[in-house]
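I have a structure here, written as structure tokens, and I will follow up with some questions on it.
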Amino acid sequence: MLATIAPSGPNARLTMSIKNTGAVPITLEMTPFRATVDGDGAASRVDEAKDVLIYPAQTEVAPGKEQTVQVRYIGDPAIADARMYGVRVSQLPISAPGFVPAVGTSGASSDVKVSFNFLSHVIVSPDKAKAVIAVKDVGRAPNGDLMLTIANTGPGIAVLNASNFTLTDTAGKSVVLEPDSLKIGEFSAFMPRQSRRASVPAKLLVGLVGTITPTLTVQ
């Protein structure tokens, strides 16, 4: 899940709903974090309880039932640049369904524990903070891949998995590619004032000649 909220006022919160579709109760722990991304597109998530409040922080959900979780931004309300936070939902380990513990000759039993975790990301953005994306061709790699730099010079966060990506060659021929054709690392969100390296596989450039002009439009 990816949601956007305001840094202050009634829109500085959201509600998550977690449903237990299993046959046994689950115990969950919710931990807030702040997310950053480096120039290679690798995400870093550091626990952050000062800026984000979660209620309840722990809960047990019965089979077939749902639990609503309130997430509120309580950090600096006057931020100029957007920030990305998130919630890590961790299920405390339980025995695997249908598993019967084995009892050894010493009388001790063995067990297998399983648990599930997922991440939900939240963008905290001032109303007028918009991303400004520019993409530039910086040459070819030895294997023929098109090498690019992508810069976000604006105060907003851009999520590139919801974008239009077009390559146009010297002759005016254009190819429209899926956003995931653009290799930008493991995280598609571009932070404010960030420049990152990117590439397009050579096999997607077949038929294009001369200088290639890339165009990236974020939705």
Side-chain angles (χ1 to χ4, degrees), residues 1-38 41-99 111-131 152 154-162 185-194 218-219:
M1 185 186 80
L2 177 63
T4 300
I5 61 176
S8 63
N11 293 324
R13 70 180 76 179
L14 62 86
T15 300
M16 297 171 50
S17 182
I18 304 171
K19 183 174 183 179
N20 179 6
T21 60
V24 297
I26 55 174
T27 301
L28 302 175
E29 180 177 54
M30 277 65 69
T31 306
F33 61 84
R34 183 167 179 178
T36 57
V37 187
D38 67 17
S44 176
R45 300 175 179 89
V46 178
D47 290 355
E48 174 60 83
K50 183 180 67 175
D51 289 352
V52 179
L53 177 67
I54 301 176
Y55 181 82
Q58 291 186 337
T59 187
E60 181 177 287
V61 187
K65 300 297 183 180
E66 291 187 15
Q67 172 69 55
T68 58
V69 177
Q70 304 295 323
V71 181
R72 176 191 285 269
Y73 174 73
I74 56 173
D76 182 2
I79 58 174
D81 289 359
R83 300 176 178 179
M84 180 170 283
Y85 296 89
V87 180
R88 181 183 297 105
V89 181
S90 304
Q91 178 186 347
L92 301 184
I94 60 172
S95 295
F99 179 81
D111 199 354
V112 174
K113 298 291 185 179
V114 296
S115 63
F116 302 92
N117 303 296
F118 64 87
L119 303 175
S120 175
H121 292 87
V122 180
I123 295 174
V124 179
S125 179
D127 182 55
K128 295 183 179 180
K130 307 299 181 184
N152 176 14
I157 292 177
V159 181
L160 298 193
N161 60 8
E186 66 183 42
F187 208 64
S188 65
F190 268 66
M191 299 300 167
R193 327 291 178 182
Q194 182 179 58
V218 180
Q219 300 299 308

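Residues: numbered from 1 along the sequence shown.
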Worksheet item: Going by the ring pair (Phe, Tyr, Trp, His ring centres under 6.0 Å) test, which pairs reach into residues 49-74, not counting sequence neighbours?
Response: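 Checked against ring pair (Phe, Tyr, Trp, His ring centres under 6.0 Å) - neighbours excluded - the pairs reaching residues 49-74 are Tyr73-Tyr85.
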
Discussion item. Going by side chain to side chain donor-acceptor pair (under 3.5 Å), name the residues that satisfy it together with Asp81, two or more places apart in sequence or in a different chain.
Written reply: Arg193

Worksheet item: side-chain contact (heavy atoms from CB on, under 4.5 Å) with Asn11: which residues, sequence neighbours excluded?
Response: Ala6

Discussion item. Which heavy atom of Ala129 sits nearest to which heavy atom of Ala80, and what is that distance?
Written reply: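 That closest heavy-atom pairing would be CB-O, 4.1 Å.
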
Discussion item. Which residues pass the salt bridge (Lys or Arg N to Asp or Glu O under 4.0 Å) test with Asp47, not counting sequence neighbours?
Written reply: Arg88

Item to complete: List for me each residue that meets salt bridge (Lys or Arg N to Asp or Glu O under 4.0 Å) alongside Arg45, sequence neighbours excluded, and say none if there are none.
Response: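 For Arg45 there are no salt bridge (Lys or Arg N to Asp or Glu O under 4.0 Å) partners, ignoring immediate neighbours.
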
Item to complete: For Gln58, check side chain to side chain donor-acceptor pair (under 3.5 Å) against everything at least two apart and list the hits.
Response: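 For Gln58, the residues satisfying side chain to side chain donor-acceptor pair (under 3.5 Å) (neighbours in sequence not counted) are Glu29.
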
Fill in: Side chain proximity check, Pro192 to Ile157, heavy atoms < 4.5 angstrom
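Touching, per the 4.5 Å side-chain cut-off.
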
Item to complete: Could you walk me through whether Val87 and Val69 pass side chain to side chain contact (heavy atoms under 4.5 Å, CB included), step by step?
Response: CA-CA 10 Å; Val87 180; Val69 177; 5.7 Å; no

Worksheet entry | Test item: Pro7 and Asp76 side chains (from C-beta on) under 4.5 Å apart, heavy atoms | no

Item to complete: Could you list the residues that satisfy side chain to side chain donor-acceptor pair (under 3.5 Å) with Ser90, not counting sequence neighbours?
Response: Asn117

Worksheet item: Any sub-3.5 Å donor-acceptor pair from Asn152's side-chain atoms to Gln194's backbone N or O?
Response: no

Fill in: Partners meeting side-chain contact (heavy atoms from CB on, under 4.5 Å) with Leu2 (sequence neighbours left out)
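Residues passing side-chain contact (heavy atoms from CB on, under 4.5 Å) with Leu2: Met84, His121, Ile123, Val159.
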
Practice prompt. Check ring pair (Phe, Tyr, Trp, His ring centres under 6.0 Å) between Phe190 and all other residues, then give those that pass, not counting sequence neighbours.
Written response: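 Applying ring pair (Phe, Tyr, Trp, His ring centres under 6.0 Å) to Phe190 gives none.
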
Discussion item. Per the salt bridge (charged side-chain N to carboxylate O under 4.0 Å, His left out) rule, what does the pair list look like for residues 50-63, sequence neighbours excluded?
Written reply: Asp51-Arg83

Worksheet item: What residues form a side chain to side chain donor-acceptor pair (under 3.5 Å) with Gln70, not counting sequence neighbours?
Response: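 So Gln70 forms a side chain to side chain donor-acceptor pair (under 3.5 Å) with Thr15.
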
Discussion item. When you compare the side chain of Val71 with that of Met30, does any pair of heavy atoms fall below 4.5 Å?
Written reply: no

Fill in: Over all atoms of both residues, closest heavy-atom pair of Ser120 and Phe33
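Closest approach of Ser120 to Phe33, heavy atoms only: O-CZ, 4.2 Å.
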
Worksheet item: Would you find a donor on one side and an acceptor on the other, under 3.5 Å apart, between the side chain of Gln67 and the backbone of Leu28?
Response: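 Flag not set: sc Gln67 to bb Leu28 has no pair under 3.5 Å.
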
Donor-acceptor pairs under 3.5 angstrom involving side-chain atoms of residues 16-26: please list them, not counting sequence neighbours.
| residue | atom | partner | partner atom | Å |
| --- | --- | --- | --- | --- |
| Ser17 | OG | Glu66 | OE1 | 2.7 |
| Asn20 | OD1 | Gly22 | N | 2.9 |
| Asn20 | ND2 | Val24 | O | 2.9 |
| Asn20 | ND2 | Val61 | O | 3.0 |
| Asn20 | ND2 | Ala62 | O | 3.4 |

